[in-house]
Amino acid sequence: MNPMCLVYALTFTAFLVFHSPTADGRSVPVLKGEHFFKQPKGTIKTIVGDYGEVVDCIDILKQPAFDHPLLKNHKIQMEPSTYPKGIQPSDSLAPLFLESWRKNGQCPDGAIPIRRRVETGIPITKRMLNVSLAASKSGPTHQYAVMQYSAPTAGTIKGGHGIFDVWNPSLNTSSDFSLTQIWVVAGSGSNVNTMEAGWQKYPARTGDNQTHFFIYWTRDTYNQTGCYDLYCAGFVQSNKQMTIGAPLNVSTYNGKQVEVEILIDKDNSSGNWWLYVNSQTVGYWPPCIFTALANGADNVQWGGEIYENSGSGGQHTNTQMGSGHFPREGYRNASYVRGFRYKNATGYQVTQPSPVYQLTTVNSCWTMQVSANATDYMMFYGGPGCS
């Protein structure tokens with residue numbers, strides 16, 4: 001048993017029906033409950049939302065993480081030992097998340113909400129190799145627009161931060177996906193380890209046409225370990241309010257912008273990799289589930305990715321990246337990432353991280369544009385695809 005996993009004791013194929021309900025003026029799909037997986041073990045209470053989503057309140061000690069063989073005797077750390085400088089714990093994620101189920105009930109003390117998985121036939125793992133040095137690893141079906149910071153010495157990065165505006169891009173088929181995320185990465189070859197979080201539209205996985213928050217992890221280059229959200233053993237959720245995998249409010253073209261702030265931070269005491277969303281702690285990846293990431297990361301990446309199921313290499317798909325508009329259209333129209341930060345031994349760096357360079361496979365279908373000022377980078381990226 002890895003001692004890093006023994007930490008603080010616990011102190012206490014779906015059908016869519018489109019109809020009139022809307023979220024921010026958008027039509028919201030309703031999920032038919034009979035096409036969900038069975039109620040998971042540890043369920044204390046089940047709540048159904050107005051749009052048909054099913055949320056199970058799971059005993060926090062029986063959540064999926066503890067099926068991991070390295071977490072059998074794990075003791076939950078309910079809060080980080082210290083909060084990163086500048087982080088003030090938040091009480092609500094309501095402006096970001098669309099969670100109609102909360103009107104119909106709440107999870108009791110000692111339970112966490114887990115969104116019931118829809119039976120779509122799509123695996124819980126990512127298709128093909130995703131990203132580590134994305135440009136060199138892109139296959140015929142994945143395209144990227146990514147910025148990366150690499151540490152001068154491997155394994156010395158202790159956290160990453162980014163702010164991403166959220167969109168609902170159009171896809172060529174329901175089997176395509178479009179996402180924006182942060183990757184915290186270590187290792188190489190068959191030993192790539194990642195922790196990931198961001199937003200994704202992937203109807204074939206989620207069973208609806210909405211943009212969802214997601215997390216992901218792997219310790220073997222997306223081969224046999226890791227998964228989306230809480231659908232396998234690994235990530236430990238401590239937050240009673242957050243529903244990982246929930247749909248999100250999205251930005252409006254030339255209108256209101258919706259942002260999600262994501263921080264992945266290695267706890268100085270326990271070594272756990274804590275996930276923060278809009279300054280609220282969600283849970284953590286224990287270091288013992290990793291190999292290369294157990295002690296630190298090699299690089300942090302930020303940006304967009306599309307997967308197009310036709311396998312045409314992105315040359316003949318109108319699957320959109322980001323907002324579906326080119327970077328030249330600027331703020332409120334093009335998708336962006338800002339707040340690029342990484343953590344080293346002295347804390348989070350608030351000046352321009354250097355060296356930062358672009359990893360991109362984009363062409364005339366999607367482009368990217370990076371600007372800088374005295375304290376930050378801002379990356380605009382995306383486009384409408386190619387027909």
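Heavy atoms only: backbone and side chains are in, while hydrogens, waters and symmetry mates are out. Values in this document were obtained by computation on a predicted structure and should not be read as measured data.
- Tyr331 and Tyr336 have tilted rings, their planes meeting at an angle from 30° to 60° on a 0 to 90° scale.
- Between the side chain of Lys343 and the main chain of Lys266, a donor-acceptor pair closer than 3.5 Å is present.
- When atom types are taken as modelled, the side chain of Ser251 and the backbone of Val166 share a donor-acceptor pair closer than 3.5 angstrom.
- Applying the ring-ring contact (aromatic ring centres under 6.0 Å, His included) rule to pairs touching residues 238-266 yields Tyr253-His325, sequence neighbours excluded.
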Under the criterion side-chain contact (heavy atoms from CB on, under 4.5 Å), I'd like the reasoning laid out for Asn278 against Val260: C-alpha separation, chi angles, the key distance, then a yes or no. CA-CA 6 Å; Asn278 288 13; Val260 56; 4.0 Å; yes
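- Judged by distance alone, with hydrogens and angles left aside, the side-chain atoms of Thr194 form no donor-acceptor pair with the main-chain N or O of Trp217 at under 3.5 Å.
- At most 12 non-hydrogen atoms from other residues, nucleotides or ligands lie less than 6.0 angstrom from NZ of Lys62.
- Within 6.0 Å of NZ in Lys45 there are more than 12 heavy atoms belonging to other residues, nucleotides or ligands.
- Listed for the Asn299 side chain is no donor-acceptor partner under 3.5 Å among the backbone atoms of Trp183.
- In this model, no donor atom of one side chain and acceptor atom of the other lie less than 3.5 Å apart for Thr156 and Asn344.
- Formation of a donor-acceptor pair under 3.5 Å by the Asn239 side chain with backbone atoms of Thr281 is found in this model.
- Residues Thr221 and Asn223 have side chains that never bring a donor and an acceptor to within less than 3.5 angstrom of each other.
- Between Arg115 and Pro247, some side-chain heavy-atom pair lies under the 4.5 Å cut-off.
- Nearest heavy-atom pair across Ser270 and Pro287 is O-CG, 4.5 Å.
- Annotation: the span from Cys288 atom SG to Leu293 atom CG amounts to 12.5 Å, rounded to 0.5 Å.
- Ring orientation note: the planes of Trp285 and Phe235 are nearly perpendicular, at an angle over 60° on the 30°/60° scale.
- A donor-acceptor contact shorter than 3.5 Å is absent between the side chain of Gln77 and the backbone of Lys75.
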Test salt bridge (charged side-chain N to carboxylate O under 4.0 Å, His left out) on Asp165 and Arg332; report intermediate values, then the result. CA-CA 9 Å; Asp165 70 335; Arg332 296 202 304 174; over 6 Å; no
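- The heavy-atom pair separating Ile44 from Ala111 by the smallest distance is CD1-CB, 4.0 Å.
- Legend: residues meeting side-chain hydrogen bond (donor to acceptor under 3.5 Å, both in side chains) with Gln39, ordered by chain and number and at least two apart, are Thr46.
- For the pair Ile244/Gln237, a side-chain contact is recorded, criterion being any heavy-atom separation below 4.5 Å from C-beta on.
- Side-chain atoms of Arg205 and Tyr228, non-hydrogen and from C-beta on, do get closer than 4.5 Å to each other.
- Ring to ring, Trp199 and Phe164 are not that close: their centroids are 6.0 angstrom or more apart.
- Remark: the backbone N or O of Gln320 is not paired with any side-chain donor or acceptor of Ser170 at under 3.5 angstrom.
- Between His142 and Tyr144, the ring planes are parallel. Angles under 30° get that label, and only those over 60° would be called perpendicular.
- Between Tyr284 and His74, the ring-plane angle classifies as tilted under the 30° and 60° cut-offs.
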In sequence, state the C-alpha distance, the side-chain angles, and the governing distance for Asp220 and Thr291, and then conclude on side-chain contact (heavy atoms from CB on, under 4.5 Å). CA-CA 9 Å; Asp220 61 357; Thr291 51; over 6 Å; no
